[in-house]
Amino acid sequence: MKKPILIAFAAFSLLVLGCEKAEDSASHDRVVSLTASISRDGVKATVTDAGLFTWATGDEIGVWTSDGQFTKFSLKDGEAGKNTAVFTAELEAGVTVEGPAVYPYRAGHSYDPATKHLTYNQPQTMDWVEGVTKSHMAAKYNGSGTIQFKQLDGLFRITVYNVPNTVGFLRLRSSDNVLFGDFDVDMNEANPQITASPSGGTSDFNLKVNAPADGIGNVYVVNFPVPVGTYTTTRISAQKANWDMIASKTTSTSAITIGRGTMVNMPEVTLNEVMLADNEDGTLRANYNNGYSNTEGTSLTVVDNPSKEIINASNKVVKVDASAQDPSDADQNKGGYFLLKTQNSDYSNGFRDGTKAFKMKIRYNNAADAAIYYPWAYVNGGKVGDVSDVKRLPDKVNGKDFTPQNAETWASLIKPGEWNVLQWTSNCAGTWRMEITPFATISGDNATTGTRIMLIDDMEYIK
């Protein structure tokens, strides 16, 4: 599901506050301080996932000065975390602030005052900062008054699961448009923007990331700035530090048009996945088993997804309903579990080779159930003596380690009103059947309260 999000516009009030450094003569440099103030009607330059604007340590803006260059103004110490902050730069005597202004500052930006055309430089590789969006902006400015920044482009936001610990870069590839280089921006326009130009092939843009600790199921939320235009085919990939590709996933979609000041939430991507069941055809796949002994009173049906989100944009999901069970009946007091067979007869031969974890998505029937039910899984057929041969709680919840495994940690990781991703890291090479117990207590017993209804989707192995 593509979900456009309008990014509000921010305004900067850039005021020369005067000299902060004593001058012995008019020839000395001076420190100029600019106050950057946010407004609800402007673009967010740095946006947290909660949609809050704050300046971050290391932020820099560029303002065109009378010496014919964009001069870098840096965030003043102690100003990080504010939505109104002070930037400073040292200007030589006689140099004045004229405009326009750009964010973020780059030495590759240039400007022609005669034509009022800005050359906005977008490098092919940028650093990724967790939880932060860097929107590209420019602003008209005549040397006085308030500078009104507006976003020049749009953003693709992609949540990437199972990023390997050998990663150095996450790469977005477009088969439609150029993603990096020098872009001409006409500052005469009411709303200047970076407009996409055909790539004539493929164009790659990279975010340099810090490699995660060893493990399976590492999650990154990445925001790629992209020119305004229409996109049909994109690929997300993980690259080693030497640029060798580790894993990739290509998404061919109907045309996505991204405008200035918008962010498109793309469906989540899992690298190196082996899909076991997604039920998008609207029918319950044969490898589910409803009638296995001791599963009486538990039904599985395919229903419409009631909440399409970035984590799960599927149209169809599976409803697990154990409300007909009698918890007082010893034969039915099994936690409402169900089975997922994973045999070669159901999938391609060798599909389990190299698999190291089992993953699925869940959504609670209501918020109260999220504090009652703690899904357990048994990877039947795993290596004897391995952790995979024991019924247990997931070790990752929404990409975060579920440690310690108690109710307090669960409450801090689970999203009661949204889709959640649970992962059981285990040796899956010999697995032929998964036993899922979604209505268990934190200790693994049968929970006897709540609605005993849950939605599940996208059951898969990952490598």
Side-chain angles (χ1 to χ4, degrees), residues 4-14 34 36-47 53 59-66 68-73 87 96-123 126 133-156 174 176-200 203 205 223-231 255-264:
I5 298 179
L6 180 63
I7 298 180
F9 292 106
F12 281 4
S13 293
L14 302 183
L34 309 179
S37 156
I38 190 172
S39 162
R40 284 186 174 271
D41 338 350
V43 173
K44 298 168 182 171
T46 302
V47 189
F53 178 100
D59 273 344
E60 298 168 337
I61 61 175
V63 182
W64 188 257
T65 47
S66 59
Q69 65 176 342
F70 278 106
T71 296
K72 177 172 61 179
F73 284 77
F87 290 77
T96 58
V97 175
E98 295 186 347
V102 290
Y103 175 87
Y105 166 83
R106 291 193 186 106
H109 297 318
S110 62
Y111 179 64
D112 183 351
T115 62
K116 294 187 178 181
H117 274 242
L118 162 69
T119 299
Y120 192 96
N121 177 255
Q122 170 58 59
M126 290 173 55
T133 299
K134 296 290 187 182
S135 299
H136 295 153
M137 300 190 298
K140 301 178 180 182
Y141 186 49
N142 61 7
S144 64
T146 300
I147 296 180
Q148 300 286 342
F149 271 92
K150 292 185 178 181
Q151 190 173 4
L152 294 173
D153 53 13
L155 294 167
F156 275 139
S174 171
D176 305 292
N177 303 310
V178 175
L179 298 178
F180 68 94
D182 289 334
F183 295 95
D184 178 70
V185 179
D186 187 354
M187 298 301 293
N188 295 292
E189 298 290 336
N191 294 302
Q193 65 182 30
I194 293 174
T195 303
S197 58
S199 59
S203 182
F205 177 75
N223 302 285
F224 292 97
V226 294
V228 173
T230 300
Y231 296 80
I256 301 172
T257 299
I258 187 164
R260 185 189 61 80
T262 61
M263 180 168 67
V264 174

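Residues N121 and P123 are in side-chain contact: their nearest non-hydrogen atoms beyond the backbone lie under 4.5 Å apart. For the pair T71/V63, no side-chain contact is recorded, criterion being any heavy-atom separation below 4.5 Å from C-beta on.
Taking each heavy atom of V226 and D153 in turn, the nearest pair found is O-CB, 3.1 Å. When all heavy atoms are compared, the tightest approach of V178 to P198 is CG2-O, 3.8 Å. Between Y231 and A196, the closest heavy-atom pair is OH-CB, 4.3 Å. Across every non-hydrogen atom of M137 and Y120, the tightest pair is O-CE1, 3.9 Å. K150 and N191 get closest at one heavy-atom pair: NZ-OD1, 2.7 Å.
In summary, the side chains of D184 and H117 do present a donor paired with an acceptor at a separation below 3.5 Å, with no hydrogens or angles considered. S203 and S174 form no side-chain donor-acceptor contact under 3.5 Å, judged by distance and modelled atom types alone. No donor-acceptor contact under 3.5 angstrom links the side chains of Q151 and H136, judged on distance only. In summary, the side chains of D59 and Y103 do present a donor paired with an acceptor at a separation below 3.5 Å, with no hydrogens or angles considered.
One finds the NZ atom of K116 at 8.0 Å from the NZ atom of K140 (value rounded to the nearest 0.5 Å). In this structure, L118 CG and L152 CG are separated by 7.0 Å, a value rounded to the nearest 0.5 Å.
The ring pair (Phe, Tyr, Trp, His ring centres under 6.0 Å) search around F73 returns none, not counting sequence neighbours. Partners of F70 according to the ring pair (Phe, Tyr, Trp, His ring centres under 6.0 Å) rule, which considers only residues two or more places apart in sequence or in another chain, are W64.
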